[in-house]
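Presented below is the structure to which this report refers.
Throughout, protein chains are lettered first and strands after them, A, B, ... in sequence-line order, and every chain is numbered starting at 1.
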4 protein chains.
Amino acid sequence: MEQEPSGSGADGHGAPPRRTAGRPRSESARRSVLGAAYAILEEGGIEDFSIDRVARLSGVARTTIYRWWPSKAVLAIESFLEQFGPQLAVPRGEAPDQDFRALVRALAAALAGPAGRVAASVVAHAQSDEETQRLFRENFSDPLRTQAAELLERGITHGVFRSDLDIPRVIDAFVGAVYFRLIIGSSLGPDWADALSETILNGCR
Amino acid sequence: MEQEPSGSGADGHGAPPRRTAGRPRSESARRSVLGAAYAILEEGGIEDFSIDRVARLSGVARTTIYRWWPSKAVLAIESFLEQFGPQLAVPRGEAPDQDFRALVRALAAALAGPAGRVAASVVAHAQSDEETQRLFRENFSDPLRTQAAELLERGITHGVFRSDLDIPRVIDAFVGAVYFRLIIGSSLGPDWADALSETILNGCR
Amino acid sequence: MEQEPSGSGADGHGAPPRRTAGRPRSESARRSVLGAAYAILEEGGIEDFSIDRVARLSGVARTTIYRWWPSKAVLAIESFLEQFGPQLAVPRGEAPDQDFRALVRALAAALAGPAGRVAASVVAHAQSDEETQRLFRENFSDPLRTQAAELLERGITHGVFRSDLDIPRVIDAFVGAVYFRLIIGSSLGPDWADALSETILNGCR
Amino acid sequence: MEQEPSGSGADGHGAPPRRTAGRPRSESARRSVLGAAYAILEEGGIEDFSIDRVARLSGVARTTIYRWWPSKAVLAIESFLEQFGPQLAVPRGEAPDQDFRALVRALAAALAGPAGRVAASVVAHAQSDEETQRLFRENFSDPLRTQAAELLERGITHGVFRSDLDIPRVIDAFVGAVYFRLIIGSSLGPDWADALSETILNGCR
DNA sequence: GTGTAACCGAGACGGTACGTCTTGTCTTGTG
DNA sequence: CACAAGACAAGACGTACCGTCTCGGTTACAC
């Protein structure tokens with residue numbers, strides 16, 4: 001979001017950096033804001049999150065924040081995605097059912113830490129804001145589902161999973177289970193993750 | 001909440017209603033507040049919800065609200081539970097798998113309406129408030145899980161479901177799926193509910 | 001105030017104790033309230049004075065206080081008068097000018113202590129409440145003026161003071177001076193009192 | 001208060017207006033607040049005075065008032081001083097005793113009107129607030145005393161008043177008398193003022 | 001004795017105001 | 001232009017009192 005192509009050297013094939021007139025946006029301000037926002041989310045959840053606090057902590061003027069982020073929800077989720085987005089490595093091994101187990105474990109583990117608290121906060125809030133919902137879906141939910149879908153399809157072609165598998169529903173089930181436990185404040189340990197995997201895989205074979 | 005032992009016919013051994021000294025709590029005020037709170041939740045979610053607004057809409061003084069509800073989160077969830085709590089009738093027919101399908105359908109249907117929006121709002125908020133989380137769990141989540149568990153156990157004894165079924169995980173899966181779709185803003189139609197039931201039941205047999 | 005005809009044997013000209021039907025007023029409650037009220041005034045002035053606080057400190061129900069004192073101003077001044085009223089002994093010696101000096105000293109001394117803080121608080125508030133103003137005038141200001149007037153008249157008949165002395169104005173001057181210093185927060189030591197006496201007596205001879 | 005050096009032409013020695021960054025304070029808001037504050041004081045005394053009411057009447061946000069005035073006492077006295085401060089013109093004629101009479105009359109007259117009610121309210125409150133007391137003393141009491149002192153000194157040098165006159169005490173006496181009558185709710189007519197002047201002047205000659 | 005009347009306690013209720021915190025907009029001056 | 005600084009209107013927060021209003025119990029005198 002708000003990605004500035006300015007710095008990316010890849011577009012050097014002719015298109016100039018497209019520097020519009022006036023003072024360019026301060027990249028350092030942007031980073032300060034997102035960093036401070038995430039720090040606040042991590043320590044106090046969305047409850048303690050306010051534009052004022054982000055401004056104070058980041059040293060960036062409130063006006064500047066308002067110029068670039070339309071609402072506190074968007075700022076919160078952007079700061080979360082920037083940190084969390086690249087964190088989930090989907091496994092790709094030989095046995096699809098083992099991969100599935102690993103995926104569930106990885107998701108549970110990622111959300112068990114402090115990032116989970118942030119995720120819960122942010123997604124909770126998302127529910128009231130179209131834009132935030134979209135950002136979450138596009139940058140977090142959809143990629144995860146896509147990767148999971150590929151894994152399941154691989155299982156089908158390998159003959160490990162039944163051919164009439166309703167892939168989206170399977171994904172609904174395991175992602176939903178993890179997320180619901182997160183919201184409810186229940187633990188997300190590896191034992192629980194494995195038990196869930198087993199239950200779901202039972203229906204896939 | 002604030003249950004008056006007065007009405008419980010069980011103590012018919014002579015114990016008088018035990019009215020404590022002082023002006024008794026106004027039942028009409030309590031109802032007005034919960035009603036207004038639910039109305040606000042229904043139309044604008046938790047975002048537009050404030051004690052001030054509830055006070056104005058209900059015609060009850062703000063101080064009176066604070067006397068009985070410690071925080072806006074608790075008021076919100078209580079107003080939701082009062083409306084939604086008794087809404088979910090768990091089916092009890094001959095075929096446990098049919099019953100399961102009906103249960104998933106009922107849950108999805110209940111949350112597909114305006115109550116869903118409220119539920120999402122409220123549960124979202126729960127995540128940052130211990131007390132709200134507890135209220136939600138005790139009054140909504142736990143009863144639902146208990147009833148679902150009984151249904152699944154019946155299925156096992158009837159020989160319809162496998163005997164090594166991990167009941168809590170099955171429940172995690174279908175409740176989580178419904179709730180996640182709700183949060184994400186995806187549809188919760190009967191077709192989707194049936195597809196989910198089928199996927200999960202596949203693992204139960 | 002709240003004159004109790006019950007005990008006063010002096011009115012034995014026929015009027016019986018006139019005990020009206022019903023439970024009689026609790027004398028202990030009355031005393032607790034006035035005592036607590038004065039204690040609060042002494043430590044925090046009128047600023048910290050509230051019916052709630054008096055009720056809490058005295059252990060008397062708020063309703064009971066409201067039954068007997070129409071406003072917090074009246075309660076404050078009554079509690080003050082009960083303590084301060086009998087405190088000022090007007091001297092009666094041989095030399096009227098010496099007596100005057102002693103009177104001014106006594107007034108200044110009485111108001112220099114903690115009671116002064118209370119007096120200032122209370123009289124300050126009096127200005128906005130008819131009833132309080134009347135109570136202060138009748139129970140404090142008028143008696144003081146009457147006694148001072150007698151003293152000055154004695155001085156005239158003794159030939160120490162000029163015969164055309166405008167007694168009320170003299171009293172305005174010295175009482176006003178003391179009170180103004182009190183309000184302004186200036187000291188009220190004996191030296192200042194003597195200097196004031198001298199200045200005023202200069203105009204009396 | 002809050003004096004803006006910008007307008008004072010005296011600092012034309014090079015110091016620029018020194019406009020600090022950020023949006024400048026709204027002069028119109030300041031005026032609205034002080035005006036509304038005085039209007040409320042005039043009609044209901046300090047009893048009806050509240051920041052809320054001032055905000056409503058002035059149309060200025062409550063937060064803005066709190067930004068500039070630390071307490072309601074300070075706001076009250078400032079609004080009073082702004083109106084009343086320049087109102088008292090001290091006479092300067094040939095005969096010092098005539099001037100004194102005129103001064104007492106002027107003071108009494110000024111406080112006899114609606115401003116008197118405000119003054120009484122405000123000064124009454126001053127007694128519990130250090131800051132208010134200071135403001136009243138510096139901006140009202142001290143200037144008045146200074147001018148009165150000059151008048152009396154002129155009388156001494158002219159030989160009209162005795163040379164050993166204790167000037168501060170004389171001022172205590174007449175200012176106190178006026179203020180005490182004000183608080184007590186007694187009239188402050190010209191006849192009374194003249195009688196007071198005569199009584200005090202008797203001691204000055 | 002038994003009313004009945006006025007008391008006292010407890011505490012809920014509708015209100016007003018408090019002083020603080022955020023939100024989002026605006027209005028300056030500087031880089 | 002971007003940005004820092006900060007004023008502004010709006011409005012919610014949770015608390016303290018206000019004065020009124022039920023209630024349940026407690027004394028008294030009066031029949």
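Closest to the side chain of A/S50, out of F/dC17, F/dG14, E/dT23, is E/dT23. In this structure, of E/dT27, F/dC18, F/dT26, it is F/dC18 that holds the atom nearest to the side chain of C/I51. Nearest to the side chain of C/R56, among F/dA7, E/dG9, F/dC17, sits F/dC17.
The residue among C/S71 and D/R67 whose nearest nucleotide of DNA chain F is located toward the 5' end is D/R67. Each of B/Y66 and D/S26 was matched to the nucleotide of DNA chain F holding its nearest heavy atom; the match closer to the 5' end belongs to D/S26. When each of A/K72 and B/A29 is assigned the nucleotide of DNA chain E bearing its nearest heavy atom, the one mapping closer to the 5' terminus is B/A29. Both C/A61 and D/F49 lie near DNA chain E, and the one whose nearest nucleotide falls closer to the 5' end is C/A61.
Rounding to the nearest 0.5 Å places CD of C/E78 at 7.5 Å from CD of C/E82. Note that CD1 of B/I40 and CG of B/L57 are 5.0 Å apart. Values are rounded to the nearest 0.5 Å. In this structure, C/F80 CZ and C/E42 CD are separated by 11.0 Å, a value rounded to the nearest 0.5 Å.
Look at CD on B/E27: it is 13 Å from C1' on E/dA12, rounded to the nearest Å. Atom CH2 in A/W69 sits about 15 Å away from atom P in E/dT23, given to the nearest Å.
Contact annotation: D/W68 side-chain N/O to F/dA7 OP1/OP2 distance is not under 4.0 Å. At the phosphate of E/dG14, OP1 or OP2 sits under 4.0 Å from a side-chain N or O atom of B/T64.
Across all strands shown, D/R62 has heavy atoms under 4.0 Å from base atoms, whether or not it also approaches the sugar-phosphate. Contacts of A/T63 with the nucleic acid, taken as non-hydrogen atoms under 4.0 Å apart, include base atoms.
Counting atom types as modelled, D/R23 pairs no side-chain N or O with a base atom of F/dC8 as donor and acceptor under 3.5 Å.
Considering only residues two or more places apart in sequence or on other chains, A/F136 meets the ring-ring contact (aromatic ring centres under 6.0 Å, His included) condition with A/F140.
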